[in-house]
Amino acid sequence: MLLEWIIEKYALENNPSAIVFLIFAFLCMVIPYLLGSINPAIVFSKLIYHDDIRTHGSGNGGTTNMLRTFGKKAALLTFVCDMLKTVLSVLFGLLLIGQMGMSIAGFFAGFGHMFPVYYKFKGGKGVACYATVALMISPLTFLGLLFVFLVIVIGTKFVSLASVMAALLYPLLLRAFAPNFSLGVAFAVVETCFIVFMHRENLKRIWNYEESKLDFSKFKISALEKRKQKKAEAKKNQDAKINQEEKTNEETVNTAEHSDGGQNDA
């Protein structure tokens, strides 16, 4: 841990060590927040699809909305990058002040994802980020949350409901599997509150039977369906080519007629 090394190196056993700790703790807030504010969903939707994901579907800059709007490849890319920025943030906190730094940095990475300074504080809902924090702090907790999430998604097809239910269990499971990590449990309670708050509109839509369900067909396309898609695309291209040839022939005939008409007048 960098803090312990600096204290030992420069003999800061007294008050100066507290100053160094506060500086490092502050860095564990600011750097992860700025890193978390980089929203892959918004970046990829603009760079690859020349669009803004926040103008589609739920208006959320997250994995689920990317899946519904641009497909599974875009969703997977978004999810991996959300996890990567959180991993880097948590490792940064661990390097500076150890286990405490992991909790602080993980929380602010998710906070930056939800309220990004680069995008007028309108980002995602923090589920992927805080799931990654749980994975790094307590893998058993993550596995328990993943099990709950998958059961609810498969049973109801509501990703938002599964996210909220898993978030509500997060502090309890972390307390059970990491009882000595009291600061992490405290941050988990706050993270749960944020996730529920960010899903408030989804919960309203579920209550009113208006929430969109996950379409599992987007994850699995049979070989027959792929062949059908290829045939349809080939037929579409062939029809377009025929139409273009007919248009070209018609223009050629019209040009020839106008030419003959001009010669007769002469």
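- Q99 approaches L94 most closely through the heavy-atom pair N-CD1, 4.2 Å.
- Under the 4.5 Å side-chain contact rule for hydrophobic residues, I195 and L168 share a cluster.
- Contact record, V185 with P171: CG1-O, 4.1 Å, taken as the closest heavy-atom pair.
- If you check the side chains of H113 and K125, you find no donor sitting under 3.5 Å from an acceptor.
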- Start with the C-alpha gap between N65 and H56, add the side-chain angles, then the distance that decides, and say whether side-chain hydrogen bond (donor to acceptor under 3.5 Å, both in side chains) holds. CA-CA 8 Å; N65 204 25; H56 297 277; over 6 Å; no
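- A salt bridge (Lys or Arg N to Asp or Glu O under 4.0 Å) check over residues 180-201, counting only residues at least two apart or in different chains, returns the pairs E201-K204.
- I53 and G61 make their closest contact through CG2-CA, 3.9 Å (heavy atoms, listed as atom of the first residue, atom of the second, distance).
- Connection of W207 to L203 is not established within any shared hydrophobic cluster, with ILVMFWY side chains joined at heavy-atom distances below 4.5 Å, either directly or through further cluster members.
- Between Y118 and I38 there is a side-chain heavy-atom pair separated by less than 4.5 Å.
- I97 and F26 fall within a single hydrophobic cluster, where Ile, Leu, Val, Met, Phe, Trp and Tyr are joined by side-chain heavy atoms under 4.5 Å apart, directly or via other members.
- H199 NE2 to E211 CD: the interatomic distance, rounded to the nearest 0.5 Å, is 8.5 Å.
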- Task: May I have the step-by-step check of side-chain contact (heavy atoms from CB on, under 4.5 Å) for L169 and L172, ending in yes or no?
- Result: CA-CA 5 Å; L169 289 174; L172 299 177; 4.2 Å; yes
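- Between T86 and V133 there is a side-chain heavy-atom pair separated by less than 4.5 Å.
- At a threshold of 4.5 Å between non-hydrogen side-chain atoms, the residues V159 and K213 do not count as touching.
- Following chains of ILVMFWY side-chain contacts shorter than 4.5 Å, one can reach V30 starting from L35, so the two form part of one hydrophobic cluster.
- At least one cation-pi condition fails for K122 and F115: the charged atom is not both under 6.0 angstrom from the six-membered ring centre and inside a 45 degree cone around its axis.
- Formation of a donor-acceptor pair under 3.5 Å by the N202 side chain with backbone atoms of L161 is not found in this model.
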- Task: Starting from the C-alpha separation in whole Å, work towards a yes-or-no answer on side-chain contact (heavy atoms from CB on, under 4.5 Å) for Y119 and R54.
- Result: CA-CA 10 Å; Y119 309 108; R54 294 170 296 177; 3.3 Å; yes
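- Side chains of L150 and V153 form no contact here, defined as non-hydrogen atoms less than 4.5 Å apart.
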- Query: Do M198 and V127 pass the side-chain contact (heavy atoms from CB on, under 4.5 Å) test, and can you show the C-alpha distance, the side-chain angles, and the key distance before you say yes or no?
  - Reply: CA-CA 10 Å; M198 297 301 291; V127 176; over 6 Å; no
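- Considering CE of M100 and CZ of F187, their distance stands at 9.0 Å, rounded to 0.5 Å.
- When hydrophobic side chains of Ile, Leu, Val, Met, Phe, Trp and Tyr are connected at separations under 4.5 Å, L76 ends up clustered with V80.
- By the 6.0 Å contact criterion, OH on Y49 is enclosed, its count of non-hydrogen atoms from other residues, nucleotides or ligands being greater than 12.
- A side-chain donor-acceptor contact under 3.5 Å links T55 to the backbone of D52.
- Here the straight-line distance linking atom OG1 of T141 with atom CZ of F181 works out to 10.5 Å at 0.5 Å rounding.
- Contact annotation: the side chain of F107 approaches that of F194 to within less than 4.5 Å [non-hydrogen atoms, C-beta and beyond].
- Residue pairs meeting the side chain to side chain donor-acceptor pair (under 3.5 Å) criterion with at least one partner in residues 25-40, sequence neighbours excluded, are absent.
- No side-chain donor-acceptor contact under 3.5 Å links S89 to the backbone of A109.
- Using a 4.5 Å cut-off on side-chain heavy atoms (C-beta onward), P40 and K85 make contact.
- Heavy atoms from other residues, nucleotides or ligands lying under 6.0 Å from CE of M136 number more than 12.
- Taken to the nearest 0.5 Å, the OG1 atom of T132 stands 11.0 Å off from the CG atom of L88.
- Scanning both residues, G184 and S103, for their nearest heavy atoms gives CA-OG, 3.5 Å.
- Rounding to the nearest 0.5 angstrom, the gap separating the OG1 atom in T156 from the CD1 atom in I206 is 7.0 Å.
- For R205, the CZ atom counts as densely surrounded, since its 6.0 Å shell holds more than 12 non-hydrogen atoms of other residues, nucleotides or ligands.
- Between the side chain of S138 and the backbone N or O of A134 there is no donor-acceptor pair closer than 3.5 Å.
- No continuous path of hydrophobic side-chain contacts links V189 to V196 [ILVMFWY only; heavy atoms under 4.5 Å].
- Annotation: F147, atom CZ; neighbour count of heavy atoms from other residues, nucleotides and ligands within 6.0 Å does not exceed 12.
- Residues F44 and C81 form a side-chain contact, since some pair of their non-hydrogen atoms from C-beta on lies under 4.5 Å apart.
- Between A105 and P32, the closest heavy-atom pair is O-CB, 3.3 Å.
- Aromatic ring pairs are classed by plane angle as parallel below 30°, tilted from 30° to 60° and perpendicular above 60°; the pair F108 and F111 is perpendicular.
- Going from atom CZ of F24 over to atom CZ of F92 covers 8.5 Å, rounded to the nearest 0.5 Å.
- Between S45 and F70 the shortest heavy-atom distance is CB-CE1, 3.8 Å.
- Side-chain contact between F197 and T192 is absent, with no heavy-atom pair separated by less than 4.5 Å.
- Under a 3.5 Å cut-off, the side chain of R68 and the backbone N or O of T63 do not form any donor-acceptor pair.
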